[in-house]
Amino acid sequence: QVQLVESGGGLVQAGGSLRLSCAASGGIFSSYAMGWFRQAPGKEREFVAGISRFGGTIYYSDSAKGRFTISRDSAKNTVYLQMFSLKPEDTAVYYCAAGLPMDLRGEYDYWGQGTQVTVSS
């Protein structure tokens, strides 16, 4: 059983930056692709970014491209989401996920509890 714990969320002004972290335990980190998703109030959860097991393949949502960077550190069993130029519409609960989806934008098996990101205008 894989456990995922996100951190790094908070309140930031528009145009600011945040780096989210997701620490994984209970499994072999390199066995899983990792993803970041988000869910804003009243909206469905949406894909933000995904990274393959060894980092060779990365996908971003259109809203994340050019502003967010996903990376993973196998030595620390941690995946990161560096977010720049944040906008109020980025406000959401951000979730980390692990699994072996057919597509990095698809279904994951394990989920963290989420971390709140709030961007003020």
[X] side, atom [atom1]; [Y] side, atom [atom2] - distance, nearest 0.5 Å:
X      : Y      : atom1 : atom2 : result
Gln39  : Gln116 : CD    : CD    : 11.0 Å
Ser120 : Gln13  : OG    : CD    : 5.0 Å
Ser52  : Arg72  : OG    : CZ    : 7.0 Å
Gln82  : Ser71  : CD    : OG    : 8.0 Å
Ser21  : Leu4   : OG    : CG    : 12.5 Å
Tyr59  : Ile51  : OH    : CD1   : 13.0 Å

List the atom of [X], the atom of [Y], and the distance in Å for their closest heavy-atom pair.
X     : Y      : answer
Phe29 : Ala24  : CD1-CB, 3.8 Å
Ser85 : Ser17  : N-OG, 4.4 Å
Leu81 : Ala49  : CD1-CB, 4.1 Å
Ala33 : Pro101 : CB-CD, 4.1 Å

Out of Tyr94, Trp111, Tyr95, which residue meets the side-chain contact (heavy atoms from CB on, under 4.5 Å) rule with Glu6? Tyr95
Any side-chain heavy-atom pair from [X] and [Y] closer than 4.5 angstrom?
X      : Y      : answer
Ser63  : Arg38  : yes
Leu20  : Met83  : yes
Ile70  : Tyr80  : no
Cys96  : Val79  : yes
Thr118 : Val12  : no
Leu104 : Met34  : no
Thr91  : Val117 : no

Leu11 with Leu86, same ILVMFWY side-chain cluster at under 4.5 Å: no
Taking a hydrophobic cluster as the set of Ile, Leu, Val, Met, Phe, Trp and Tyr residues connected by side-chain heavy atoms closer than 4.5 Å, whether directly or through intermediates, do Val48 and Ile58 fall within one such cluster? yes
With a sphere of 6.0 Å drawn around CG of Leu100, does it hold more than 12 non-hydrogen atoms of other residues, nucleotides or ligands? yes
OH/Tyr110: more than 12 non-hydrogen atoms of other groups inside 6.0 Å: yes
Taking the six-membered ring of Tyr32, is NZ or CZ of Arg53 closer than 6.0 Å to its centre and within 45° of its axis? no
Walk me through it: do Tyr60 and Phe47 pass the test ring pair (Phe, Tyr, Trp, His ring centres under 6.0 Å)? CA-CA 8 Å; Tyr60 295 101; Phe47 170 80; 8.3 Å; no
Could you go step by step and tell me if Thr115 and Ser7 meet the side-chain contact (heavy atoms from CB on, under 4.5 Å) rule? CA-CA 6 Å; Thr115 185; Ser7 61; 5.8 Å; no
Salt bridge between Asp90 and Lys87, side-chain N to carboxylate O under 4.0 Å? no
Would Tyr108 and Phe37 count as a side-chain contact (heavy atoms from CB on, under 4.5 Å) if you check the C-alpha gap in whole Å, the side-chain angles of each, and the deciding distance to 0.1 Å? CA-CA 10 Å; Tyr108 287 76; Phe37 292 74; 3.6 Å; yes
Under the salt bridge (Lys or Arg N to Asp or Glu O under 4.0 Å) test, which residues partner Arg105, sequence neighbours left out? Asp103
